[in-house]
2 protein chains.
Amino acid sequence: MRRVAVAGIGLTKVGEPWEKSVRELFAEAAVAAMKDAGCQAVDALYVANMSGGHLQHQLQFGAMMAEAIGRPGIPAMRVEAGQASGGVAFDEGVKAVASGLCDSVLVGGVEKMSDMLPECVASSQAMAEDQEYVAFTGVTKTGLSAILHRMYTEGFGARPEDVAMFAVRGHDNAVGCAHAQYPFKLSIERVMASPMEADPLHMMECSAVCDGAAAILLCPAERLRDGVEVAGTAVATDAFSIAQRGDPLTLRAVRRAAERAYAVAKVAPKDVDVLEVMDDTTIDGVLSLEGLGFAKRGEGAAFVAAGGTSKEGEIPTNTFGGLKARGNPLGATGIYQVAEVVLQLRGAAGPNQVKDARIGIAQSMGGVGSTCSVSILRRG
Amino acid sequence: MRRVAVAGIGLTKVGEPWEKSVRELFAEAAVAAMKDAGCQAVDALYVANMSGGHLQHQLQFGAMMAEAIGRPGIPAMRVEAGQASGGVAFDEGVKAVASGLCDSVLVGGVEKMSDMLPECVASSQAMAEDQEYVAFTGVTKTGLSAILHRMYTEGFGARPEDVAMFAVRGHDNAVGCAHAQYPFKLSIERVMASPMEADPLHMMECSAVCDGAAAILLCPAERLRDGVEVAGTAVATDAFSIAQRGDPLTLRAVRRAAERAYAVAKVAPKDVDVLEVMDDTTIDGVLSLEGLGFAKRGEGAAFVAAGGTSKEGEIPTNTFGGLKARGNPLGATGIYQVAEVVLQLRGAAGPNQVKDARIGIAQSMGGVGSTCSVSILRRG
């Protein structure tokens, strides 16, 4: 296998750009990535998108985006794995370069929700759950996370305020981030006073509706000097519904993907300098931390509350705000995460910079942990 | 790169099995493929599906099907490229084994439409076209093919009856095929007397609504003796909309994918013994034949009418009936095609057997040629 490096990254500001189409958003990120790489060649295109069929009534994003970025003709496809679409597409792109089959692969993600009715967006997100046995009841993704939240606080005696601190820490980090949806601080009081979205999860513990696109150009590592390398990636799944899991508070897909990626990268959690985890809701973030091995079972929330994930803490986490504050454009989110790790490892994170970051991890999740991708990157 | 072989195949009968869910259909095909291979190991799963989001309100087919086939935990994802989803997923699965990253990859496709309202299915198929510039007008996939049909007959002086013969030839071949939707003969008179679906395309020139699932288990070639090997695969795209193409009657995605696959496989059209092409409508089939190099530009319809694609003809094509007669379960169709080529190369095609078939091709297409996959297989 060849070593793979990140040649370029591109991000759009997460927000509500009603004046831009899903195609324009994607092209903006993709062209930025090519420019950043100083490379116009693209051998293959992977487009991560979750809800374009439901929201834009658009399929076949591969061919559409190949044309949109000025490369009609190249092999292209859409990869979908719910909210893990971006991370899974990245894994697939890395393999295409590692195998020697491609020399220059563009992996991009895009999602556009802000100009849709809220109920459309909610039903779209619920499609990543089992329609026959779970989603038909009307439960939302947030509703399922709320079940885990209650199991967590009641089972481990964790404080709801500690879980909610995940959102506060994210907002702390988003300050100064030009591409964040909500680049401002948020107090724990304000989080706990916000309305319930799905009891016991408050609205301010949940990521919001938004639009965004991100792209990464991958190339063989030998082409770059002192670049950021992909040290290891892995994808894993778990029983589709939380009701089918013996222990729903252990995200086995996260564990499995992490174990494999750690083994490939020859890295342990203690070696990691910066981390981007999936916090569609606060409890998703807490359980992800535990699944990745950065906190013990049942202790993740207290770890966050104690400052373990802060920029100066043990493991700086979601250093641009995470899904809550940078924003969560579903299929694109996994690509934002990897791009943000790259910014950290390049020392190009500006006010969000973690000092001397050498090894970083991006973790994304589809459904409530049904699919997970873990990508480990290293400064060359 | 390692050589890749087909260890096992599984197909469900194309039809209207209302009593089976999309999950059950997929599992049936996947379990059949594992049984056929005599192998229970699956390192990774690629699920091809086009319209599950719109029709079943179901996303994240990867994790769902990994569990459905009894392998929760494995890496899994959905690949979507319109009606080319199956072929593109196959290409991706082949690369996973060729690269040495996986030893046993299951590629399956599934689609379930028959229990949906016809207008839902039509709008779902139109989603593979450009929503902003094309599909919003209300034009269907068949409507776009009808435009090409008119350009073809008027531009080349081809006879509509000759184009329609593509459907007749397909039905000829479907006789005796246990998994075909319509295993009976169809006369040219009946085709031409059927109502217009999109003038000048008759209803009997178009594939019908149906359900189906197919699966293929891939492994390294060294594990099989005398098996069927994957000689070369390729995916390519074209300008997304036919209106953006200088010459809409040349399917450039087909040309590009074919050229690459021929080069990798070191095969020319004259070496090919059996062919499965995309005939969502008759004109799609005719243009695909030309794009693949089996007929000259503008001569494909006459070639079909003269018997060139019949079982005893120059290049036996759609030997189990093709999309028209075997059936076209969208995302699954590309997998059916490859599986049928495998049956031919194994000499296991029963009454549909082409004598001494050694090299076969499966070609699938998303939209009206926006994405194309070409897979060349060879008897070991």
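Remember, it's a predicted structure, so these values are computed and weren't measured experimentally.
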Item to check | Top contributor to chain B contacts, counting heavy-atom pairs under 4.5 Å, from A:Leu45, A:Ile74, A:Val22, A:Asp238 | outcome: A:Ile74
Checklist entry - Which of the residues A:Arg252, A:His54, A:Glu129 is involved in the greatest number of heavy-atom pairs with chain B at under 4.5 angstrom? => result A:Glu129
Item to check | Segment of A:Gln56 engaging chain B (4.5 angstrom heavy-atom cut-off) | outcome: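 Interface part for A:Gln56: backbone (N, CA, C, O).
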Next on the checklist: Does any backbone or side-chain atom of A:Met1 lie under 4.5 Å from a heavy atom of chain B? Answer side chain, backbone, both or neither.
Outcome noted: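 The side chain, not the backbone.
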Anything in [range] with a heavy-atom distance to chain B below 4.5 Å? Please list those residues in order.
| range | answer |
| --- | --- |
| residues 79-93 of chain A | A:Val79, A:Glu80, A:Ala81, A:Gly82, A:Val88, A:Glu92 |
| residues 103-128 of chain A | A:Ser124, A:Met127, A:Ala128 |
| residues 134-143 of chain A | none |

Checklist entry - In terms of heavy-atom pairs under 4.5 Å, which option from B:Gly73, B:Ser241, B:Gly100 contacts chain A the most? => result B:Gly73
Is the closest side-chain heavy-atom distance between [X] and [Y] below 4.5 Å?
| X | Y | answer |
| --- | --- | --- |
| B:Glu67 | A:Thr237 | no |
| B:Phe240 | A:Gln60 | yes |
| A:Pro75 | B:Arg260 | yes |
| A:Met77 | B:Thr371 | no |

Next on the checklist: Quick check on B:Ala253 against chain A: is it the side chain, the backbone, both or neither that has a heavy atom closer than 4.5 Å?
Outcome noted: neither
Checklist entry - Measuring heavy-atom distances to chain A, does B:Arg256 have an atom under 4.5 Å in its side chain, in its backbone, in both, or in neither? => result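 For B:Arg256, side-chain heavy atoms alone lie under 4.5 Å from chain A.
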Next on the checklist: According to side-chain hydrogen bond (donor to acceptor under 3.5 Å, both in side chains), who are the partners of B:Glu259, at least two apart in sequence or on a separate chain?
Outcome noted: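 None.
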Of the non-hydrogen atoms in [X] and [Y], which two are nearest, and what is the gap between them?
| X | Y | value |
| --- | --- | --- |
| A:Ala239 | B:Pro72 | N-CB, 4.1 Å |
| B:Met50 | A:Leu59 | O-CD1, 3.5 Å |
| B:Val235 | A:Ala76 | CG1-N, 4.2 Å |

Checklist entry - Distance from B:Lys95 atom NZ to A:Ser99 atom OG, nearest 0.5 Å? => result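 The NZ atom of B:Lys95 sits 7.5 Å away from the OG atom of A:Ser99.
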Item to check | Side chain A:Gln58, main chain B:Gln131, donor-acceptor under 3.5 Å | outcome: yes
